[in-house]
Amino acid sequence: MRKEDKSAIIETIATTIKEYDNFYLTDIARLNAAKTTNLRRECSKQDIKLLVVKNTLLQKALDTLEGDYSELVPALKGNTAIMFSNVANAPAKLIAKYVKEGVPSLKAAYVQESFYVGKENLKALENIKSKNELIGDVIAALQSPAKNVISALQSGGNTIHGVLETLSKR
């Protein structure tokens, strides 16, 4: 491969990493052609971009980015495929679906500005909530006390009105 080709691939990888908030490093080497096609199809349905890369080119792409990605370097052994997603837990859920087959297997992940190295982190990654889910939880938590206060005021208003009406009739 020519140096210009390598530079273009490094630039493409770096640009793709910048486009997505999260990425997972996986090993899909043991998949046959049919299973690889099925995995790619499922990734596409869930807005996950799957890209097979050479470890050295991925490491060079990470080196060109702002920030320190050195925690991912130990995972860059063997075959590597990257799953890019803006939904933090989508790739983890997809990987977990195939956990019995062992492919794809999680090598490492960069999710919400944190590093997760090793397949033992798969459960934790599955349980990560997206930004929208967290905002929804906060809004629901804030609405609950307000609804209770409004409900109490409304029921209290009816009671006070009833008492005043009864007193005025007497």
Side-chain angles (χ1 to χ4, degrees), residues 1-140:
M1 186 182 299
R2 296 181 332 189
K3 189 172 185 172
E4 298 85 29
D5 296 337
K6 287 182 182 180
S7 296
I9 293 171
I10 291 169
E11 181 63 33
T12 301
I13 295 169
T15 303
T16 307
I17 290 172
K18 289 177 193 175
E19 288 176 19
Y20 291 91
D21 297 331
N22 314 293
F23 63 91
Y24 287 62
L25 304 180
T26 61
D27 182 2
I28 63 170
R30 293 181 283 149
L31 287 180
N32 61 26
K35 288 184 179 182
T36 301
T37 301
N38 289 338
L39 177 64
R40 286 185 183 279
R41 190 173 295 123
E42 235 177 295
C43 285
S44 178
K45 286 179 189 175
Q46 297 181 27
D47 282 336
I48 299 171
K49 182 174 183 172
L50 182 66
L51 182 66
V52 178
V53 297
K54 289 190 172 201
N55 292 326
T56 53
L57 298 179
L58 174 58
Q59 186 170 357
K60 288 180 182 187
L62 292 173
D63 290 342
T64 65
L65 300 172
E66 291 180 25
D68 181 20
Y69 292 91
S70 61
E71 290 186 50
L72 297 175
V73 172
L76 299 179
K77 291 185 171 79
N79 295 307
T80 302
I82 310 173
M83 291 180 162
F84 297 98
S85 177
N86 285 320
V87 178
N89 60 4
K93 288 180 179 180
L94 183 60
I95 293 168
K97 203 174 189 183
Y98 293 96
V99 78
K100 289 181 185 175
E101 297 173 29
V103 177
S105 63
L106 178 68
K107 294 167 83 174
Y110 177 76
V111 177
Q112 296 177 346
E113 300 178 7
S114 298
F115 296 98
Y116 299 87
V117 179
K119 60 185 175 185
E120 64 274 359
N121 291 307
L122 185 59
K123 278 288 182 207
L125 289 165
E126 276 184 277
N127 295 325
I128 289 177
K129 291 189 176 188
S130 70
K131 189 183 288 186
N132 290 338
E133 290 172 326
L134 287 173
I135 291 170
D137 289 350
V138 168
I139 289 171

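What you see is a predicted model, and the numbers here were worked out from it, not measured in a lab. Throughout, numbering of the chain's residues begins at 1 and tracks the sequence.
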J.: For side chain to side chain contact (heavy atoms under 4.5 Å, CB included), just list the numbers for Leu58 and Leu72, CA-CA rounded to whole Å, side-chain angles, deciding distance to a tenth of an Å, and then say yes or no.
T.: CA-CA 10 Å; Leu58 174 58; Leu72 297 175; over 6 Å; no
J.: For Tyr24, run the side-chain contact (heavy atoms from CB on, under 4.5 Å) check against Val111, Ile82, Ile48 and tell me which one passes.
T.: Val111
J.: Just checking Glu4: does its CD atom have more than 12 heavy atoms from other residues, nucleotides or ligands closer to it than 6.0 angstrom?
T.: yes
J.: Rounded to the nearest 0.5 Å, what separates atom CG in Leu25 from atom OG1 in Thr80?
T.: 6.5 Å
J.: Which of these passes side-chain contact (heavy atoms from CB on, under 4.5 Å) with Arg40: Thr36, Asn38, Thr37?
T.: Thr36
J.: With rounding to the nearest 0.5 angstrom, report the CG to OH distance, Leu106 to Tyr116.
T.: 11.5 Å
J.: Keeping Lys107 on the side-chain end and Ala75 on the backbone end, is there a donor-acceptor pair under 3.5 Å?
T.: yes
J.: Can you confirm whether Thr15 sits close enough to Glu19 that some side-chain heavy atom of one is under 4.5 Å from a side-chain heavy atom of the other?
T.: yes
J.: If you round to the nearest 0.5 Å, how far is CG of Leu125 from NZ of Lys119?
T.: 14.5 Å
J.: In Å and rounded to the nearest 0.5 Å, what is the NZ to CG distance from Lys93 to Asn127?
T.: 8.5 Å
J.: Enter the distance from Lys54:NZ to Lys60:NZ here, rounded to the nearest 0.5 Å.
T.: 11.0 Å
J.: Begin from the C-alpha positions of Met83 and Ile95 and carry the test side chain to side chain contact (heavy atoms under 4.5 Å, CB included) through to its verdict.
T.: CA-CA 10 Å; Met83 291 180 162; Ile95 293 168; 4.1 Å; yes
J.: Looking at Leu65, is its backbone amide N or carbonyl O close enough to the side chain of Lys18 to form a donor-acceptor pair, meaning the two atoms are under 3.5 Å apart?
T.: no
J.: Mind checking salt bridge (Lys or Arg N to Asp or Glu O under 4.0 Å) for Glu126 and listing every partner two or more places apart, or none if nothing turns up?
T.: Lys123
J.: Going by side chain to side chain contact (heavy atoms under 4.5 Å, CB included), name the residues that satisfy it together with Leu51, two or more places apart in sequence or in a different chain.
T.: Ile13, Val53, Phe84
J.: Please determine if Lys97 and Glu42 form a salt bridge, counting it only when a charged side-chain N lies under 4.0 Å from a carboxylate O.
T.: yes
J.: Looking only at atom types and distance, does a side-chain atom of Asn86 sit under 3.5 Å from a main-chain N or O of Asp21, one as donor and one as acceptor?
T.: yes
J.: Restricting to side chain to side chain contact (heavy atoms under 4.5 Å, CB included), what partner residues turn up for Ala124, sequence neighbours left out?
T.: none
J.: Looking at Asp47 and Ser85, would you say the former's side chain and the latter's main chain have a donor-acceptor pair under 3.5 Å?
T.: no
J.: Output, in order, the C-alpha distance, side-chain angles, deciding distance and verdict of side chain to side chain contact (heavy atoms under 4.5 Å, CB included) for Leu94 and Leu39.
T.: CA-CA 9 Å; Leu94 183 60; Leu39 177 64; 4.0 Å; yes
J.: Would a distance-only check, ignoring hydrogens and angles, find a side-chain to backbone donor-acceptor pair under 3.5 Å from Lys35 to Ile28?
T.: no
J.: Roughly how far, to the nearest 0.5 Å, is CG of Leu57 from CG of Leu62?
T.: 11.0 Å
